[in-house]
Amino acid sequence: MATAAASSASEPEAEPQAGLEAEGGEDGAKAAGADDAKGPGWELQREGVSESDGDEEDAMASSAESSPGEDDWEYDEEEEKNQLEIERLEEQLSINGYDYNCHVELIRLLRQEGELSKVRLARQKMSELFPLTEELWLQWLHDEISMAMDGLDREHVYELFERAVKDYICPNIWLEYGQYSVGGIGQKGGLEKVRSVFERALSSVGLHMTKGLAIWEAYREFESVIVEAARQEKVHSLFRRQLAIPLYDMEATLAEYEEWSEDPIPESVLQSYQKALEQLEKYKPYEEALLQAEAPRLAEYQAYIDFEMKIGDPARIQLIFERALVENCLVPDLWIRYSRYLDRQLKVKDLVLSVHSRAVRNCPWTVALWTRYLLAMERHGVDHQMISATFENALSAGFIQATDYVEIWQVYLDYLRRRVDFRQDSSKELEELRSMFTRALEYLQQEVEERFSESGDPSCVIMQSWARVEARLCNNMQKARELWDSIMTRGNAKYANMWLEYYNLERAHGDTQHCRKALHRAVQCTSDYPEHVCEVLLTMERTEGTLEDWDVAVQKTETRLARVNEQRMKAAEKEAALVQQEEERAEQRKKVRAEKKALKKRRKARGADKRKAGEEGDSEWAEDEEEQPSKRRRVENSLASGVASAMQEETELPRKCVTIAVAPPSEQKEKAASLKLDMPKVAHDSSKDRVTVFVSNLPYSMAEPEVKLKPLFEACGEVVQVRPVFSNRGGFRGYCYVEFTEEKAAQQALELDRKNVEGRPMFVSPCVDKSKNPDFKVFRYSTALEKHKLFISGLPFSCTKEELEDICKAHGTVKDLRLVTNRAGKPKGLAYVEYESESQASQAVMKMDGMTIKENVIKVAISNPPQRKVPEKPEVRAALGAPFLPRQMYGARGKGRTQLSLLPRALQCHSAPQAENGPAVGPAVTTSAATEAPKMSNADFAKLLLRK
């Protein structure tokens, strides 16, 4: 008690003394207070400012002392280049003021050129549109502090600090604020100002476990310097408050308190300290998770927030939300969760509105944040002009969907409706509401539809709301009917629910005549659920109508339903006919396959007989005319190679009469057969498809595919076998089957799809029998609209995945990035980027679209692939009367883009004869008999090759 009394009694004497010591001005104040109160964080910050100021002075001195010469010429050239870039950035910002990167680059260049007035203006404009990061604020504050000359300048710096601490929770800015306020301790009320700043800093970031310690130490050391023994109770209080809060390095703080205090530490302080230590142990897992994770650490912050919400301490909940938003300021869901907590729990007007305002500045494209902001402003009684101004800002925020504009208009119109006193026939508020309904319809029809090619309100929700207001609140059914007529003329007359909504409105606020008229129109126009409308009409006439009304209703409903049933029967018959046609086509395809299979067997048997005959003699050349075209091609190729080699050997001898000996066909066939590798033929077991994957697009040049692929797939599970597929000549065909022991391993192997193997993307897909599932296709990526995924086109082919990922990371958390390549692994200049949330993807579209990468201007859009065109089947083409080409003309897989014709030009048959000196003398012959080349025997073919 005596100590407290002494300290309180000595306060009036200590303050004048501090003021006298500071009479020498600002420098004297710094010498008296700040220079002696140097803690670890304090020293670091002050040295950083002084060193930067010193560097600037040295740079100015060196530039002043430098002599003109080559360095000046280079400097002038760089200055001119910077000026041109500044002009370009200013022009771009005049077009799009929301280009964040342009603002940052302009400030950097203006600061580099020393344009103080312009850099102030640029920073001011940017801070009005965006919340600034800690780095930008500290840079701005250091520049203003270095230029502050008098008390007015100091007040301007104080205002900047106040704005800075409102954007985000930044312990470094609060620490800088406290240090700077110490410099004004010599002014009137300077000591109270310093203490006020530090107390607010403790309220804001004092609970920060990792960075709050610096604020406590700076405040405590300041108090320990400026007071005498009578004021030591203030330092005692700071120590006790700090020890009662769970912070890192609490043991060191307690040891420092024991060393500083002359008296033993009270038991109550030790109990609070132990309790804080216990709390610290509970918080440590979450803090360590944050320290170990990489930014933005959203998942870790979400877990931390859940933990704090369970405990329920409002101050700590607010702090953890603020800490999370520093690194995740572009995550709308986090802002929504934070504002919802404040709206429902704290309900403090200034705090709630401040958070809502910051939310829409960080994520202006999110309509949910704007709607919550308007509701919060109405809830806390904000002036109507401010709410209207906020709504106008929302309209210019640039939403990404047409429906977002409908939602924000609906919220604002609801607000205006709640302002109207409908007990009066006419009022200013009612006229404003009606004018805003009119403006909303015009805005959606003009502005929104021009941008999105749709109004966003196909069901006319806003017009329906207006009609309900006129009918129920204004008793103006005439206006309501006019609005509903307009709604029906906009394509809604075919929907039963729209007519029933209108009927219910007439039922409640209109008369029976208009109800009957609406239902009669509904019976004629409705196409989705006409039975329901007919039932409502009959029910009304049964309850209220006359016999004549009943007869008219029955006649109309029966006629309408009969017509509907007739249309449905026709549609069902048509569908049944299509199903029957498809079944017949399937049966026909089955028969064709069976016939082909039988024909192949017969040809194979006939070929075996011919080989036997060829071994007995050489007189069977002409019997090979009906040989399968693919087999004939292989024999012809081997024959041509043999002829070429024979010609080369003969030309190396002295020039004599050249004679070429053509081996008999039996030897040729034996030679061709010897070229084939003796590969074992393993039949595919379709019963093992669930544990087998199909691997394709492998390099044909891959040697020993089984040896190279097995270690790659063993990482997914135990591999039974890798079964590569070889051609008849023994060459690897680029695909294989990999069989596992478990189905789980096969599923995991599908994740290796598109993995690079010897320079090509390897395709891994499920093993499916195409004969049983002819329409089965594997496409692992979605073909629908994905709002969290971007499609980027126009990329340079030299752009790597890492380079593009570094660019995209600046706008959000990238979950996946895929560069589109062709089958050979070469880039196509396209990419898909998947973000963690829709908001991040939207922000990336706004900032990356039109960006230049390696002299290529890229295009960025939300991923919404167009519908793939299903290739028209031959049967459908034939049914439609289109010319039908037999599949055998192009082989089993049809004609590919790279298929070459191996038929000699002399044997190619033209579709129409040509005159000597003019066009075709007759029409083109399109029949298969006319276009088919004449068959030639092997002997004729050999003579053709040898003919000079």
Side-chain angles (χ1 to χ4, degrees), residues 98 100 103-104 107 120 122-145 154-181 193-208 211-212 214-215 314-332 334-339 341-343 346-364 366 369-370 372-373 376-377 380 382-383 386 389-390 393 397:
Y98 285 90
Y100 186 89
H103 280 287
V104 175
I107 291 172
R120 273 180 177 172
R123 283 167 169 165
Q124 182 66 27
K125 288 182 177 179
M126 183 178 181
S127 65
E128 291 173 357
L129 296 174
F130 302 101
L132 304 187
T133 62
E134 179 181 351
E135 180 183 359
L136 291 175
W137 271 120
L138 288 176
Q139 188 184 78
W140 189 359
L141 291 166
H142 288 163
D143 290 347
E144 295 293 343
I145 290 173
R154 177 171 288 277
E155 290 299 325
H156 173 65
V157 175
Y158 283 151
E159 292 176 2
L160 283 181
F161 271 115
E162 291 295 333
R163 291 172 56 188
V165 297
K166 290 178 180 178
D167 275 354
Y168 300 110
I169 177 173
C170 299
N172 292 334
I173 293 180
W174 276 111
L175 186 60
E176 188 74 21
Y177 192 7
Q179 294 168 359
Y180 182 73
S181 63
K193 175 70 174 179
V194 176
R195 286 175 173 165
S196 173
V197 170
F198 274 116
E199 288 292 341
R200 290 172 57 202
L202 291 180
S203 300
S204 178
V205 297
L207 298 178
H208 199 300
K211 297 183 179 180
I215 304 294
R316 299 200 64 88
I317 293 173
Q318 183 184 353
L319 175 66
I320 192 58
F321 268 117
E322 294 288 353
R323 289 177 60 184
L325 288 169
V326 171
E327 298 181 8
N328 299 276
C329 59
L330 300 180
V331 180
L334 191 59
W335 284 106
I336 290 174
R337 188 179 182 186
Y338 186 21
S339 60
Y341 169 76
L342 296 178
D343 288 335
L346 295 186
K347 301 180 181 180
V348 180
K349 177 180 177 180
D350 294 338
L351 177 60
V352 170
L353 295 181
S354 172
V355 170
H356 280 291
S357 175
R358 291 161 53 204
V360 297
R361 291 181 66 200
N362 280 275
C363 305
T366 307
L369 294 176
W370 286 102
R372 297 182 68 85
Y373 189 16
M377 295 177 77
H380 290 283
V382 178
D383 185 66
M386 291 186 63
T390 302
N393 292 335

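Numbering of residues begins at 1 and proceeds along the displayed sequence. Remember, it's a predicted structure, so these values are computed and weren't measured experimentally.
Salt-bridge annotation for Arg361 and Asp167: present, with a side-chain N of the basic residue lying under 4.0 Å from a carboxylate O of the acidic one.
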Inset, instruction - For the pair Phe161 and Ile145, evaluate side chain to side chain contact (heavy atoms under 4.5 Å, CB included) and give the outcome as yes or no after the intermediate values. - result: CA-CA 11 Å; Phe161 271 115; Ile145 290 173; 4.2 Å; yes

Inset, instruction - With side chain to side chain contact (heavy atoms under 4.5 Å, CB included) as the test, would you mind laying out the steps for His208 and Glu322 before giving the verdict? - result: CA-CA 10 Å; His208 199 300; Glu322 294 288 353; over 6 Å; no

Inset, instruction - Let me see the working for Tyr168 and Asn362 under side chain to side chain contact (heavy atoms under 4.5 Å, CB included), right down to the final yes or no. - result: CA-CA 11 Å; Tyr168 300 110; Asn362 280 275; 2.4 Å; yes

Inset, instruction - May I have the step-by-step check of side chain to side chain contact (heavy atoms under 4.5 Å, CB included) for Ile336 and Arg372, ending in yes or no? - result: CA-CA 8 Å; Ile336 290 174; Arg372 297 182 68 85; 4.2 Å; yes

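A heavy-atom distance below 4.5 Å is not found between the side chains of Val352 and Leu346. Under the 4.5 Å side-chain criterion, counting only non-hydrogen atoms from C-beta, Leu342 is not in contact with Val348.
Note that CD of Glu176 is 3.5 Å distant from NE2 of His142, once rounded to the nearest 0.5 Å. One finds the CD1 atom of Ile317 at 12.0 Å from the CG atom of Leu207 (value rounded to the nearest 0.5 Å). Put simply, CZ on Arg323 and CG on Asn328 are 12.0 Å apart, with the number rounded to the nearest 0.5 Å. For the atom pair Arg358 CZ and Cys329 SG, the distance stands at 10.0 Å (nearest 0.5 Å). Between atom CG of residue Asn172 and atom CG of residue Leu141 there is a gap of 12.0 Å, rounded to the nearest 0.5 Å. Atom NE2 in His103 sits 10.0 Å away from atom CG in Leu132 (nearest 0.5 Å).
With sequence neighbours excluded, no residue forms a ring pair (Phe, Tyr, Trp, His ring centres under 6.0 Å) with Trp335. Residues satisfying the salt bridge (Lys or Arg N to Asp or Glu O under 4.0 Å) criterion with Glu135, sequence neighbours excluded, are absent altogether.
By the 30° and 60° cut-offs, the orientation of the rings of Tyr338 relative to Phe321 is parallel. Taking the six-membered ring for Trp and thresholds of 30 and 60 degrees, Tyr180 and Tyr158 have ring planes more than 60 degrees apart, a perpendicular arrangement. Aromatic ring orientation, Tyr373 versus Trp370: tilted (interplanar angle from 30° to 60°).
Counting all heavy atoms, side chain and backbone alike, Ile107 lies closest to Met126 at CD1-SD, 3.7 Å. Among all heavy-atom pairs drawn from Val194 and Ser181, the shortest one is CG2-O, 3.2 Å.
Residue pairs meeting the salt bridge (Lys or Arg N to Asp or Glu O under 4.0 Å) criterion with at least one member in residues 156-166, sequence neighbours excluded, are Glu162-Arg200.
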